[in-house]
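One structure is given below, encoded as structure tokens.
Throughout, numbering of the chain's residues begins at 1 and tracks the sequence.
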Amino acid sequence: MSETARPWIERVIVANNASDVGPYPWIHAPDPATTLVWRRTMDGCGALRVVGPRTRAAYHPSKDLPLCIQVRINFGFVPTVLGVAACDVVDRVLPLHELWDSSADQLADDLAGIGDDPARAAAFLVATLDSRVREAEPDGHARASLVQAAAVELSTSESGAPATVSEVAHQLGVSERQLRNLFAATVGLPPKQVARLNRVRAVLDRTGRQPWGRLASDAGYYDQSHMIADFHHIMRVTPSQFAAGKLPVVPC
């Protein structure tokens, strides 16, 4: 089964040596998504970690990891895949064992036994998660579809400013309170905060490719000063400092 046939997967990222992982230092951008990460260390051991939604950026020195697999869970599917409310993992990195007990330990052992075969390890991890999804509550897909539709409406589009939470709830036929509760359970963050993080991520994607004023407008900010203040609060540096590589690296 392909990734596209699994609506609960946003993306699977496989890095099989340190040079594949990304820039130095590692930039952990703010992210409304929850990710399951398998990291295999130099000694052949490894660990499964749940990385919850990240409300502020973090910067760390690079690590020497021969194999790292990241399964990004699509919006609305955290309870279906992990069996936990997404609000319980916000700004946390925790061992999968804390959620699954012995099942997580068995999965970690199985992955370690596969050895240095990234494609096979990734396929095994995805298949294991997929089996849990098939056994989960039947309304998980419908709930996730509603949340995903709301997230799209709350994002800035070419047609103008994003809709308000109240407007989106009305469009989808639910109350504003129901929509907020759905976001808390399946995404972990309030709708407005998801939209805020996505605006900052839009700036990150376009940094260096547009003038700051145009970038602020396209990302949905009132003006450039609004963008700079919001970016600094979430990224811990200004847009200009980020573009120049002046990053606040701290030890892991």
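Atoms CG and CG, from Leu82 and Leu99 in turn, are 6.5 Å apart once rounded to the nearest 0.5 Å. Interatomic distance, Thr128 OG1 to Gln106 CD, rounded to the nearest 0.5 Å: 9.5 Å. Atom CD in Gln210 sits 9.5 Å away from atom OG1 in Thr207 (nearest 0.5 Å). Here the straight-line distance linking atom OG1 of Thr164 with atom CD of Glu153 works out to 10.5 Å at 0.5 Å rounding. Atoms CG and CZ, on Leu129 and Arg6 in that order, are 9.5 Å from each other to the nearest 0.5 Å. Glu167 CD to Gln171 CD: the interatomic distance, rounded to the nearest 0.5 Å, is 7.0 Å.
Thr238 and Gln241 make their closest contact through N-OE1, 2.9 Å (heavy atoms, listed as atom of the first residue, atom of the second, distance). Scanning all heavy atoms of the two residues, the minimum distance from Glu10 to Ala33 falls at OE1-CB, 4.1 Å. Scanning both residues, Ala219 and Arg206, for their nearest heavy atoms gives N-NH1, 4.2 Å. When all heavy atoms are compared, the tightest approach of Leu67 to Ala121 is CD2-CB, 4.4 Å. Pairing each heavy atom of Pro32 with each of Arg201, the nearest pair is CD-CD, 4.0 Å. Closest approach of Phe183 and Val147 over heavy atoms only: CZ-O, 3.9 Å.
For the pair Pro248/Val237, a side-chain contact is recorded, criterion being any heavy-atom separation below 4.5 Å from C-beta on. You'll find the side chain of Arg196 reaches within 4.5 Å of the side chain of Ile234, heavy atoms only. Considering only heavy atoms from C-beta on, Trp100 stays 4.5 Å or farther from Asp105 through its side chain. Val126 places a side-chain heavy atom less than 4.5 Å from the side chain of Val12. A heavy-atom distance below 4.5 Å is found between the side chains of Met235 and Leu204. No side-chain heavy atom of Val37 sits under 4.5 Å from any side-chain heavy atom of Val71. Counting heavy atoms from C-beta outward, Phe231 and Arg199 have side chains that stay 4.5 Å or more apart. Asp31 has its side chain within reach of Arg72: a pair of non-hydrogen atoms, C-beta onward, lies under 4.5 Å apart.
Residue His226 places its NE2 atom among more than 12 non-hydrogen atoms of other residues, nucleotides or ligands, all under 6.0 Å distant. Counting heavy-atom neighbours within 6.0 Å of Arg214 CZ, excluding the residue itself, gives a total of 12 or less.
Val93 and Leu111 are assigned to two separate hydrophobic clusters, defined by single-linkage of ILVMFWY side chains at heavy-atom distances under 4.5 Å. In the hydrophobic cluster analysis, where Ile, Leu, Val, Met, Phe, Trp and Tyr join through side-chain heavy atoms closer than 4.5 angstrom, Val194 is grouped together with Leu146. Linking ILVMFWY residues whenever their side-chain heavy atoms come closer than 4.5 Å, directly or via other members, places Leu154 and Val90 in the same cluster. A continuous path of hydrophobic side-chain contacts links Ile114 to Ile69 [ILVMFWY only; heavy atoms under 4.5 Å]. Neither Ile13 nor Ile9 shares a network with the other; the hydrophobic side chains, linked directly or stepwise wherever heavy atoms of I, L, V, M, F, W or Y lie under 4.5 Å apart, form separate groups for each.
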What do the steps show when you test Thr34 against Val50 for side chain to side chain contact (heavy atoms under 4.5 Å, CB included), and what is the final call? CA-CA 7 Å; Thr34 294; Val50 174; 4.0 Å; yes
Output, in order, the C-alpha distance, side-chain angles, deciding distance and verdict of side chain to side chain contact (heavy atoms under 4.5 Å, CB included) for Val203 and Tyr221. CA-CA 10 Å; Val203 173; Tyr221 290 99; 3.8 Å; yes
Please evaluate residues Ser145 and Arg143 with respect to the criterion side chain to side chain contact (heavy atoms under 4.5 Å, CB included), reporting the C-alpha separation (whole Å), side-chain torsions for both, the decisive distance (0.1 Å), and the verdict. CA-CA 5 Å; Ser145 294; Arg143 181 177 58 192; over 6 Å; no
Gln70 and Leu36: side chain to side chain contact (heavy atoms under 4.5 Å, CB included), yes or no, with the steps? CA-CA 6 Å; Gln70 302 177 43; Leu36 180 61; over 6 Å; no
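With respect to Asp91 and Arg54, no salt bridge is recorded, no charged nitrogen being found less than 4.0 Å from a carboxylate O. For the pair Asp130 and Arg134, the salt-bridge criterion is met [side-chain N within less than 4.0 Å of a carboxylate O].
A cation-pi arrangement is absent between Arg49 and Trp38 under the rule of less than 6.0 angstrom and at most 45 degrees off the ring axis. Both the sub-6.0 Å distance and the 45° axial angle are not jointly satisfied by Arg236 relative to the ring of Tyr59.
Looking at Gln178, its side chain does come within 3.5 Å of a backbone N or O of Ser175 through a donor-acceptor pair.
Listed by first and then second residue, the ring-ring contact (aromatic ring centres under 6.0 Å, His included) pairs involving residues 121-147 are Phe77-His141 (not counting sequence neighbours).
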